[in-house]
Amino acid sequence: MYWEQDIETMPIAALQALQTQRLQQVVRRAATSQYYRTFFERHGVEIESLYSLDDVKHFPFTTKQDLRDGYPYEFLTVERDDIVRLHSSSGTTGQATAIFHTRNDIHDWANLMARCMYMAGARKSDVFQNMTGYGMFTGGLGFHYGAELLGALTLPTGSGNSKRQIHFMQDFHTSLLHIIPSYALHLLSVFNEVGIDPVNDLHLRIAFLGAEPHTNYTRQRIEEAFGVKAFNSYGLSEMYGPGVAFECPEQHGMHIWEDRFLVEIVHPQTLQPVPDGEEGELVLTTLTREAMPLIRYRTRDLTTILTEPCPCGRTHKRIARIKGRTDDMFIVKGVNVFPMQVEKVLMSIPEVGTNYQVELDTVEEMDTMTVKVEVYNEIFLGDVKGLKALQQTITAALKGEVLFTPKVSLVEPGSIPKSPGKAIRVIDHRKTH
Ligand code: ADP
Ligand code: ZN
């Protein structure tokens, strides 16, 4: 049931003692890097004055901008000879950053991934199809090394080429998938096209869904249509990649591995800690990374600590499904909106198809939000009255969520462009952007 039982079920006091010791070490280690040496001096922090976990709050936050300022090598705490891998964030939000790993870092990461996959029920006897991009994007190689360490037969199919992916699933009896949720939804139409019913014609058991925000409705749709149990996988390049937090079989929140990361949740504006159970920005410190330790890294991802102990027996904290990044939020008519609010509404309506996109415009000096929604073919080609009624239902449901009336445009399946990578949910054409 556990990959590393002693660590996964470690009593909380022991886990905190381990964290304290590792935190003291990692801060000392970070201070040997060119960037942190001056950064800590500038902020007047004494690395020797860190006695408890709580003392971490005296340290400055590290942001993506710091990583850019220290690009490429200033965060290194080892010789260049000792780094074996460079990853770079996919640059969804601006200039890329460089993250380095030693051989031990790569091994620790693989082990974390194996821990996550095993927790979800993956075993050596499984056939694992890794359907996300390899390369600088960490999703591909992160899962790949974890699955091999676990001992599963690993198919590094990468992203795209949907029909070929389906052939592999058939020929090799793929039982585990790693797939970006928006791409999983898209794949459903390809199954349809090639006349394969994943539930009856394939051997899929488990899907790991990660790399982008998605709602529980999206998960349920994928579970039903693929005939799998789906697990939420969270990570970011700055903290290795996937493997930071992962759902257990309870499928309620993701365990965040506290032997490897110190977890804080802070108010996104005041940056003060928020009490457990309240939403805020996730801040992470790497506790064991060698090449490039990061102290109090602001992920910009919004989540909540779930306070109840988990029935699975793991003692590591759980975080709620990520609501989005602080910078995903857009303001329309003075209202703050997250793409996940739109998705939650859409995916709860059965007639809604597998893709959507939000477009923001300025019309006569006013903001407008148009939600383009793909609907299933039989509905799109059905009678106009039914279509109109569906449009009204969606408009009303969205209004209930965002409190203003958006425009809703129902479109043909496949008409919104879809890449195998992370989905682009919002296109902002407004003058101020
Ligand atoms: P980039 O920052 O360029 O997108 P990454 O590939 O490192 O590069 O992406 C990490 C980010 O992806 C996270 O900070 C988070 O915003 C998002 N993400 C990853 N996994 C999930 C998940 N399971 N749920 C929601 N968001 C996720
Ligand atoms: Zn659990």
Side-chain angles (χ1 to χ4, degrees), residues 1-3 5 8-9 63-65 67-68 87-99 109 113 115-116 118-121 132-143 159 178-182 184 207-216 218-219 222 230-258 261 281-284 294 297-304 306 308-329 338-340 343 419 421-425:
M1 189 180 159
Y2 303 105
W3 180 251
Q5 181 161 4
E8 291 172 54
T9 62
T63 62
K64 197 146 195 149
Q65 189 55 46
L67 296 182
R68 290 181 185 135
H87 271 291
S88 174
S89 90
S90 47
T92 312
T93 55
Q95 186 201 312
T97 49
I99 306 289
W109 180 18
M113 276 315 309
R115 192 195 285 179
C116 294
Y118 195 88
M119 172 168 74
T132 61
Y134 278 65
M136 285 301 190
F137 173 65
T138 50
L141 284 168
F143 266 85
S159 57
H178 174 217
I179 187 164
I180 295 185
S182 55
F208 306 117
L209 304 179
E212 65 182 10
H214 55 290
T215 64
N216 205 31
T218 305
R219 176 241 286 283
I222 293 170
F231 292 85
N232 195 357
S233 155
Y234 169 78
L236 61 161
S237 312
E238 292 79 3
M239 302 283 131
Y240 298 124
V244 176
F246 214 88
E247 269 179 337
C248 69
E250 297 296 318
Q251 290 181 305
H252 179 62
M254 299 177 277
H255 287 287
I256 186 156
W257 299 121
E258 295 186 82
F261 306 101
E281 179 179 337
L282 181 66
V283 171
L284 295 172
L294 292 179
Y297 183 71
R298 286 186 58 185
T299 65
R300 295 172 301 167
D301 291 323
L302 292 170
T303 185
T304 312
L306 305 178
E308 332 79 77
C310 188
C312 80
R314 291 177 182 82
T315 47
H316 299 239
K317 281 179 184 153
R318 278 179 298 169
I319 55 168
R321 190 172 281 284
I322 306 285
K323 180 173 169 191
R325 300 186 204 228
T326 45
D327 39 18
D328 279 346
M329 193 192 79
F338 279 93
M340 280 309 101
E343 179 166 321
S419 76
K422 300 186 189 216
I424 298 169
R425 293 303 187 197

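Nothing here was measured: the structure is a model prediction, and the numbers come from that model. In what follows, every heavy atom counts, from backbone to side chain, and hydrogens, waters and symmetry copies are set aside. One-based numbering, in listed order, for ligands and for the atoms of each.
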M254 to ligand 1, any heavy atom closer than 4.0 Å: no
Close-contact set for ligand 1 against F137 heavy atoms, below 4.0 Å: 6 (O)
Residue N232 vicinity, atoms of ligand 1 by number, heavy atom under 4.0 Å: 22 (C), 23 (N)
Backbone or side-chain N or O of S233 under 3.5 Å from ligand 1 N or O: yes
Geometric N/O contact S237 with ligand 1, under 3.5 angstrom: yes
Polar proximity ligand 1 side, A211 side, N/O cut 3.5 Å exclusive: yes
Ligand 1 to R325 polar contact by distance, N or O atoms, under 3.5 Å: yes
For K64, the ligand 1 atoms whose distance to one of its heavy atoms is below 4.0 Å: 2 (O)
Ligand 1 contact by T138, heavy-atom criterion under 4.0 angstrom: no
Residue pair S182 / E212, side-chain donor-acceptor N/O under 3.5 Å: yes
Ligand 1 to H214 polar contact by distance, N or O atoms, under 3.5 Å: no
Contact check: C310 to the Zn ion (ligand 2), N/O/S below 2.8 Å: yes
